[in-house]
Amino acid sequence: MKIPQKGMSKDDIFERLGDYRSRDLDWQSGRVFGYIFDPGPEVRDVAKEAYGMFLTENGLDFTAFPSLLRLENELVGMMRHHLNGDEQVVGNFTSGGTESIMLAVKSARDYFRAKKPQIKEPEMILPATAHAAFHKAAHYLGVRVVQVPVAPASYKADVKAIAEAIGPNTILIVGSAPSYTHGVIDPIREMAALALEKEILFHCDACVGGFMLPYFRRLGASVPEFDFSVPGVTSISVDLHKYAYAAKGASIILYRNKNIRRYQIFACSHWTGYTVVNNAVQSSKSGGPMAAAWAVINYIGDEGYLEFARKKLEATRKVVEGIEQIDGLRILGKPEMCLVAFTSDDLNVFHIIDEMNSKGWYIQPALSYGNSPRHIHMSINVSNVNWIDQFLSDLAGAVEKARQSKSDESSEQLRQMISSIDFSSMSEEDFASMLQLAGIDGEALPERMADINEIMDFLSPEIREQLLVEYVNNLFA
Ligand SMILES: Cc1ncc(COP(=O)(O)O)c(C=O)c1O
């Protein structure tokens, strides 16, 4: 690939882009239960217009672009109010849940570096259901993860196990409202009380739920407390690019007060160039995502979101009841928002997914980990609500088909190979040939993924991670 000698025409460019996109997940079909939070064409147009309007403005310097400072402060103000914060609560706009979480962990680390310099190897306590972004933050920031199992039937954080895991190096406890995996809300009040008592910081990860849960509560759903009304909650992440329907690249990180947020901010005068002071991870950044988020929230408004929540609540209840009625399927935990996880004790769920994929549905596979079995995950959205009956009928059909599926020969071969492998001495080449044998070679994944998922499920998390790294290292140019 080379830069073209002469610039292409606009028509050619958009034709090419359209073609590249033609093999993507068809998110406009209403059959996709993940990745996409689509509010429909009208709101999407508002987002696009605002994004385009601020495409070029640079968040690197909010003194040069006071419009961005104002947009950010207004968004933070709205989220502070939405999540019951008082006037002490402060926050910032970030590019997504992961960046918000990274910043919360960095702030906790640096807060304790200042307050308790005797802590040399800081630790944070994560229930097994805490999002992978916390592991990433730990990895990037040199914080040790102390992971504790969640309660077996509810999949909620186990407060007693957390209390036992607290040690002299603990700086942060994390809870989710709700967890992505099972869509259940951790006992935030009890967890935060424990943190308060032990003088540890507590982060509530409300990335996926923080925006919608207050609306679900207003509609009469039972939503346990999770926000700044709970003493001991010191930071909350809430994504706007999920159930607030903003364009991607939009999240808010909130702190109980400026004394904690101070440790998020990075300033550098140790170089020859312009003065650097960043309130988040990114330096130069488009004003587009922030303007789009501001525009979408103001456009949909409180009543609009309540109506979205009503539709999702109804659809989720229907999905849960429908799945419970299908012989062989079982819901994991009791979903408290619009995220649903279900499994089967006698069928291979990965075959069910393949059957559903072949009918144009996207539902997400999840491997077993700790006390959470391999399962299927669905994030239910407004774009899905008119498709639920069709979904449930196709799901019942897919379950019947999955009863008849059996693994093919190559996966049997691979499984045999796996049981004879000493993973501790595997080279990069061994991993590469394993991937090849599994049919994972080049860009396109095989159409049917059940066997690959089953094999991944059979491997330890460490080996899964190594395989994934090899796969991605080969995939990208
Ligand atoms: C609970 C929770 N936390 C964090 C994240 C990470 O968010 P992002 O993908 O925006 O980085 C997600 C994403 O689904 C999530 O559900």
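For clarity, every value in this text was computed on a predicted model and none was experimentally measured. In listed order, ligands and their atoms are each counted from 1.
Evaluation of the side chain to side chain donor-acceptor pair (under 3.5 Å) test over residues 195-209, restricted to residues two or more places apart or in two chains, returns His203-Ser235, His203-Ser237, Asp205-Ser237.
In terms of N/O distances under 3.5 Å, ligand 1 is approached by Gly97. At a 3.5 angstrom cut-off on N or O pairs, Ser179 does not count as close to ligand 1.
What sits closest to atom 1 (C) of ligand 1 on the protein, heavy atoms only, is Asp205 OD2, 3.2 Å. Closest to atom 6 (C) of ligand 1, if we only count protein heavy atoms, is His131 CE1, 3.5 Å.
Close approach of ligand 1 to Val208 (heavy-atom distance below 4.0 Å) involves ligand atoms 1 (C), 16 (O). Heavy-atom proximity to Asp239, at under 4.0 Å, picks out these atoms of ligand 1: 7 (O), 10 (O).
Scanning Glu99, Lys242, His241 for the heavy atom closest to atom 13 (C) of ligand 1 points to Lys242. Counting only non-hydrogen atoms, the option in Val238, Thr98, Thr94 that gets closest to atom 11 (O) of ligand 1 is Thr98.
Cation-pi geometry between Lys115 and Tyr111 is satisfied (NZ or CZ under 6.0 Å from the ring centre, within 45° of the ring normal).
Contacts of Cys207 with ligand 1, taken as heavy-atom pairs under 4.0 Å, involve the side chain alone.
By the neighbour-count criterion of 12 heavy atoms within 6.0 Å, atom CZ of Arg70 is sparsely surrounded, having that number or fewer from other residues, nucleotides or ligands. Summarising the local packing, CD of Glu49 is surrounded by 12 or fewer heavy atoms from other residues, nucleotides or ligands at distances under 6.0 Å.
Look at Lys318 and Asp389 and you find a salt bridge, because one of the NZ, NE, NH1 or NH2 atoms lies within 4.0 Å of a carboxylate O, short of that distance.
Nearest heavy atoms, Val230 versus Ala192: CG1-CB, 3.9 Å.
Proximity of Leu339 to ligand 1 is not established, as no heavy-atom distance is less than 4.0 Å.
Below 30°, between 30° and 60°, or above 60°: for His82 and Tyr215 the angle between ring planes is between 30° and 60°, a tilted geometry.
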